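Each remark here refers to the structure printed beneath this line.
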Amino acid sequence: MTKTDNIFARIAEGILLCIIAYFYTVTGNIMLLALVSNVIIGTVAYRKHVFAVILESVLVLGALVFASMQNMYVDLFSVLIDFLNLLAIGITAGYVLKYNKSFFTAVSAVSFAQLFVTILALLYVKRGGNDIFEMYVGAPIDMYSDAFMRTFSQSGVYSKENAEIFSNIFDMLYTAIKMFMPSIIIISSVITAFFTFTVTKKTIEFSVKQKLSVMPFSHIRLGKKTSLALTVLMLLLFIMQRSMFSDALSNILVLMLFAHFVCGVSVIDFYFAKTRLNWLIRLIIYAVVLMFACMSAPFLLPGLVIVGMLDSRYDIRKIGQDIKPENEEGDGE
């Protein structure tokens, strides 16, 4: 994956991608394999060798068809989804990084690519006659709730009143997830795409031995009008909470809250980056803190949303809308 025209390196890349594609199919679509494949093809796309990208994509497609033929049946729709899962995000990330797109443009591009693949996968499930929500959410919730209730019924604190309370909690969870399913799909796609984009970017930087001129995460900032739009949306939802538009407004609200939450984390990262800790160490710390916040300190989550809103209005970091290359940031990455 170095910046070279060595034919043997190209052959090795192609063989590795074919092996990954084959095992990705026969082992049940392990996402780690998809990540590695996207990172490899992302570095190839960044080198701007279009012919190499096309050739290696064709090799991956051939490996997927060969793996599907082992079952004596080739489902072209399934092959297409696997093909996009293995290559689409990497190719998109490689090209947007090559042409020095802004951070927002780059993440938006890979997010749309990931969302497109996710929607295709859900349509594939739907085509098989399955209920998407019941398959991915309803069935797991029923399984865990049944297991919990069985364990609870055998405990020494069991009572009919407590059992009814827990049953209502699971029902509320079921209803809430079903209502917010569109926004959950979008947010999960964005998070997956961002992680793949970040790993691809770091791999490219390692291979070319220089920082890429893309605005760092710690400089993400929403426009001034977004906080006002969020406030207006909350008021609309309060007024129209029982209207036919309430579900749509609720999902839009969740997406806007998520955007402000990310902005709030960016503000924290801006100051945390001054400690010059490695980006991976900071990422691990964020994951631990987020897990703690979800379990025992949920007030931190809306707190970060408020920080994001304040930053969009008053520019706490005083960075404006400038885009600074990471190698000028001095954050230790």
Side-chain angles (χ1 to χ4, degrees), residues 1 9-45 52-94 110-111 113-144 147 184-185 187-204 280 283-284 287:
M1 293 188 290
R10 295 292 168 76
I11 293 174
E13 285 175 353
I15 293 174
L16 180 57
L17 284 171
C18 288
I19 293 174
I20 291 173
Y22 178 81
F23 281 102
Y24 178 77
T25 300
V26 300
T27 56
N29 301 358
I30 299 177
M31 294 311 298
L32 180 60
L33 294 176
L35 173 64
V36 175
S37 177
N38 276 296
V39 169
I40 293 174
I41 200 68
T43 59
V44 177
V53 173
I54 295 175
L55 178 59
E56 293 182 6
S57 298
V58 171
L59 290 174
V60 169
L61 183 61
L64 291 172
V65 172
F66 177 77
S68 299
M69 291 175 62
Q70 305 303 303
N71 297 323
M72 305 301 292
Y73 173 71
V74 178
D75 187 336
L76 294 180
F77 196 5
S78 176
V79 169
L80 173 63
I81 293 171
D82 290 342
F83 177 76
L84 293 175
N85 263 323
L86 290 168
L87 300 180
I89 312 304
I91 292 175
T92 305
V110 294
S111 297
Q114 179 64 60
L115 183 59
F116 177 72
V117 177
T118 301
I119 291 174
L120 282 182
L122 294 176
L123 289 176
Y124 178 76
V125 173
K126 186 71 175 178
R127 190 189 68 165
N130 299 306
D131 185 291
I132 297 173
F133 180 80
E134 289 298 329
M135 182 174 181
Y136 290 108
V137 180
I141 287 181
D142 290 341
M143 181 182 67
Y144 287 120
I184 291 173
I185 292 173
I187 290 173
S188 60
S189 296
V190 171
I191 293 174
T192 302
F194 177 74
F195 181 78
T196 304
F197 170 79
T198 301
V199 176
T200 302
K201 175 174 171 291
K202 294 297 179 182
T203 303
I204 292 173
L280 183 58
L283 182 63
I284 294 173

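As the structure is a computational prediction, the values presented were derived from the model and not from experiment. Just so it is clear, the values below take in all heavy atoms, side chains as well, and ignore hydrogens, waters and symmetry mates.
The structure places CG of Asn29 at 4.0 Å from OH of Tyr24, a figure rounded to the nearest 0.5 Å. Expressed to the nearest 0.5 Å, how far CG of Leu17 lies from CG of Leu86 amounts to 8.5 Å. Interatomic distance, Leu16 CG to Ile11 CD1, rounded to the nearest 0.5 Å: 13.5 Å.
The two residues Ala63 and Ala21 come nearest to each other via the heavy atoms CB-CB, 4.0 Å. Listed here is the closest heavy atom pair of Gly94 and Ala45: CA-CB, 4.1 Å. Of all heavy-atom pairs between Gly42 and Thr200, the closest is CA-CG2, 4.0 Å.
A 6.0 Å sphere centred on CE of Met143 holds more than 12 heavy atoms belonging to other residues, nucleotides or ligands.
Looking at Phe195 and Leu35, their side chains come closer than 4.5 Å, going by heavy atoms from C-beta outward. Using a 4.5 Å heavy-atom cutoff, the side chains of Gln114 and Asn38 are not in contact. Between Thr27 and Leu33 there is a side-chain heavy-atom pair separated by less than 4.5 Å. By the 4.5 Å heavy-atom criterion applied to side chains, Leu122 and Ile185 are counted as neighbours.
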(request) Take Thr192 and Ile89, measure what side chain to side chain contact (heavy atoms under 4.5 Å, CB included) needs, and give me the verdict at the end. (result) CA-CA 10 Å; Thr192 302; Ile89 312 304; over 6 Å; no
(request) Would you sort out whether Ile40 and Ile20 count as a side chain to side chain contact (heavy atoms under 4.5 Å, CB included), showing the intermediate values? (result) CA-CA 11 Å; Ile40 293 174; Ile20 291 173; 4.1 Å; yes
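For Phe77, the ring-ring contact (aromatic ring centres under 6.0 Å, His included) partners two or more places apart in sequence, or in a different chain, are Tyr124.
Exactly one of Ile81, Leu115, Asn85 qualifies for a side-chain contact (heavy atoms from CB on, under 4.5 Å) with Leu120. That residue is Ile81.
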Show me the side-chain donor-acceptor pairs of residues 53-61 shorter than 3.5 Å, one per line, residues at least two apart or across chains.
residue: Ser57; atom: OG; partner: Val53; partner atom: O; Å: 2.7

